[in-house]
Amino acid sequence: MHFSWKHRPTTSPQTPPPPPPPLALRWRRRHHSLPTKSTAVTVGGDYRGGGGSSTVHPLVSVCELCSGTVLNGTEVGQLCSSSAGRIDGRCCLKNDNTSDPERIIGLDLSNCSLTHIGDLQGASTALMVDLSLNPIVNVSDTAFQGFIELNHLILPQDIVCPGGNTSWGKVEVKQGKRLCEGQKSMCNQTGQLSVNCPENSLCAPYGPGFFECSCADNYHGYKCLREGEFPALQVFGPLGASTVVISVLLWVTQRRKAKAL
Amino acid sequence: MPPSCCGYLSQYTHHHLIAFLLTFFSYVLLHASRKTFSNVKVSISAQWTPSVLNESLSPGETWRDNHLFEDEKQATLFLGALDSIFLFSYAVGLYLSGVIGDRVNLRYVLCFGLCGSAAVEFVFGTLTEWLHIYNIYLYCGLWVLNGLLQSAVWPCVVAVMGNWFGKTGRGFVFGLWSACASVGNILGAFLASSVLKYGYEYAFLVTSVVQFAGGVVVFFGLLTSPKEVGLCLESELGPVETDTDSHQPLMSDEEDEVEVEVYARRHHSIQQPDEPLAEPPQAIGFCQAFCLPGVLPYSLAYACLKLVNYSFFFWLPFYLSNNYGWKEAEADRLSVWYDVGGIIGGTVQGLISDFMGKRAPVLATSLALAMGALVGYSRSPNDQVINAALLAATGFFIGGPSNMISSAISADLGRQDALRGSQEALATVTGIVDGTGSMGAAGGQYLVSLIESKLGWMCVFYFFIVMTGGSIVFITPLLFKEVRAMWRDRQALRRQL
């Protein structure tokens with residue numbers, strides 16, 4: 001039930017007036033250990049085609065970041081074959097229903113010589129992302145925002161799992177890779193500050209370490225201030241009818257015989 | 001109802017009733033949409049600002065995409081500025097539209113004002129929201145336009161009422177009729193609160209559509225003058241003129257001349273019922289209208305009084321929740337008592353002034369009591385019942401005279417005997433009186449916020465008291481004149497006995 005007049009760029013470069021809030025004001029509770037700077041985007045980019053990157057189809061742009069295809073032996077390759085997906089470049093694509101468009105369920109960017117991870121938004125439907133074997137120095141704060149279904153993330157060993165260890169069910173280091181498994185919801189974590197969404201909205205997971213406040217049932221619009229749908233017909237039908245009736249009635253009784261002054 | 005010459009109300013036909021109701025509801029709808037704007041301010045400022053939480057929320061399109069203002073305080077300031085802009089352009093518009101109203105058909109001007117302002121409100125509140133255009137310059141421009149268009153309505157409805165209702169019952173009928181602003185406030189509060197949950201744009205949509213419908217009905221149903229149905233001459237206009245036999249004309253003390261003139265005109269009118277068409281340039285000039293006896297003092301008095309009255313309109317709920325810590329809904333509900341007091345005050349005082357045949361003494365008495373009521377109200381204890389009672393009393397003594405000046409007295413002034421030759425002064429005079437009043441009100445909104453922030457609420461009340469005193473000062477010359485005339489009357493009567 002979102003209100004979608006504007007598509008919002010997830011990173012700040014395009015949001016005009018407000019200066020990017022200081023880190024302490026971010027809604028993230030935990031940060032990556034590495035410094036983040038979303039201007040140094042080398043991966044992904046603005047999927048709306050702004051921000052200097054060329055306008056490419058989101059699927060293509062993420063999947064073609066790196067030459068080669070998903071190999072069968074890798075984790076993503078296994079996922080893809082077990083769930084009967086289709087491999088396209090570095091992605092595994094699948095559609096749940098024949099009517100739905102294909103979506104990315106796995107993204108394998110291992111061994112791609114990536115140094116910066118900026119925005120992977122085109123792949124936010126992925127269940128599994130593999131970034132291992134890259135000399136990564138920088139992962140954007142918001143790189144995994146919106147990755148609701150991400151349950152397996154493979155990173156180089158020295159990169160902390162996004163959202164910190166508490167956002168994951170299991171974190172292990174194996175063969176120079178860090179495996180982050182089982183994304184935990186930010187909303188009902190025990191022993192943590194309860195997430196306070198404003199009135200009329202409910203907390204919902206929004207990627208590792210992220211949450212979003214989506215409008216509660218029947219509420220919608222900016223700040224979820226609007227409730228229900230305006231009964232236009234019930235209001236304007238009688239109003240129009242009575243206007244016509246009264247106008248005719250008054251015309252007949254009052255103005256019909258009126259003389260111009 | 002067949003017209004008969006005896007009885008207070010029996011002179012009135014169904015045409016009178018319809019004219020009364022149409023003009024009444026025109027202004028009700030106008031004021032309702034004005035009230036809507038003040039009641040949706042909280043929602044609008046929420047729409048214009050990002051959410052203020054120390055952690056900004058996701059998704060941004062729901063929580064922090066709108067940055068017209070950084071916080072609600074700035075939005076509130078802007079909304080206050082919009083109020084002032086509106087009042088100033090309304091005041092300027094009143095000077096102009098009265099002049100126009102006397103020259104163009106009142107029905108067209110009224111219809112244009114209602115429908116035009118409805119359209120502007122639709123664009124302001126609904127269209128900009130649907131299209132997500134948030135721009136302060138656009139808002140300011142639209143609100144200036146709205147003020148100008150709305151200003152066309154008041155002079156026209158008063159002029160139409162002045163055409164239909166003669167001087168005999170004018171105080172009472174106009175007192176009753178001038179409840180329209182207060183009824184509009186109540187209706188506006190009701191409409192706004194019942195559709196606000198769908199979004200503030202629907203509050204604007206509903207009130208503007210209703211107002212537009214009102215304009216259409218007015219266009220098809222309103223008779224601007226009894227002459228349009230050939231009613232005026234003997235029986236219908238009768239009360240206006242025969243009145244001069246029993247009472248003195250309210251605005252003049254040259255009794256003898258009037259009668260002659262009235263009879264002369266009556267005959268004249270019978271022979272030439274289409275007279276006004278033949279002589280349209282008879283409308284009065286703006287400066288000429290300003291110089292009519294009584295116009296300037298009443299305008300200045302009304303400027304002081306409307307300042308106080310509109311300060312209550314705009315600031316009362318805020319004061320109540322600010323000073324007593326009462327909830328906004330409670331404060332809104334309580335502030336209705338001021339309107340109730342105003343309705344009753346206008347009617348009762350109009351009635352008294354009808355029986356006395358004089359308006360200034362009633363006004364002066366009421367205003368003097370209003371100063372007392374203001375002192376009392378400023379010291380009201382933290383108790384809602386007592387506060388409501390004091391509020392109703394204050395409304396009675398301030399809203400009453402205010403209603404009377406803006407309607408009955410404006411009509412008196414526009415129909416006074418100095419004008420015999422040119423009848424079409426009603427809208428112009430009303431425009432001048434109400435325009436000057438609105439100037440005062442517009443300046444007052446700024447002064448009230450200034451005084452409140454620098455010196456506190458108590459000084460605001462002292463300011464109100466001084467302003468009420470000022471309006472007494474301005475009507476003092478008229479008061480002396482009318483009291484002297486009454487004295488002369490009484491002595492003449494005694495001599496006859």
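- Your options are Val210(B), Val218(B), Val195(B), Leu222(B), and the one with the most heavy-atom pairs under 4.5 Å with chain A is Leu222(B).
- When all heavy atoms are compared, the tightest approach of Leu250(A) to Gly221(B) is CB-CA, 3.5 Å.
- Across Tyr222(A) and Thr49(B), no two heavy atoms sit closer than the pair OH-O, 3.0 Å.
- Within the 4.5 angstrom heavy-atom criterion, atoms from both the backbone and the side chain of Leu223(B) approach chain A.
- Contacts of Lys223(A) with chain B are made by both backbone and side-chain atoms, with heavy-atom separations under 4.5 Å.
- Only the side chain of Leu239(A) has a heavy atom closer than 4.5 Å to any heavy atom of chain B.
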Glu228(B) vs Gln254(A), side-chain contact (heavy atoms from CB on, under 4.5 Å): CA-CA, chis, key distance, verdict:
CA-CA 10 Å; Glu228(B) 282 195 301; Gln254(A) 307 291 316; over 6 Å; no
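- Environment of CZ in Phe212(B): sparse, with no more than 12 heavy atoms of neighbouring residues, nucleotides or ligands closer than 6.0 Å.
- Residue Ser194(B) does not touch chain A at all, counting heavy-atom pairs closer than 4.5 Å.
- The distance from the CG atom of Asn200(A) to the NZ atom of Lys197(B) is 12.0 Å, given to the nearest 0.5 Å.
- Tyr198(B) is listed as a side-chain neighbour of Pro231(A), based on a closest heavy-atom distance under 4.5 Å.
- Summarising the geometry of Leu225(A) relative to Ala46(B), their closest heavy-atom pair is CD1-CB, 3.7 Å, with the distance given to 0.1 Å.
- In this structure, CD on Glu227(A) lies 11.0 Å from CG on Leu196(B), to the nearest 0.5 angstrom.
- With chain B as partner, the option from Val244(A), Val235(A), Thr243(A) having the largest number of non-hydrogen pairs under 4.5 angstrom is Thr243(A).
- Note that CZ of Arg256(A) is 15.0 Å distant from CZ of Phe220(B), once rounded to the nearest 0.5 Å.
- Below 30°, between 30° and 60°, or above 60°: for Phe230(A) and Tyr202(B) the angle between ring planes is below 30°, a parallel geometry.
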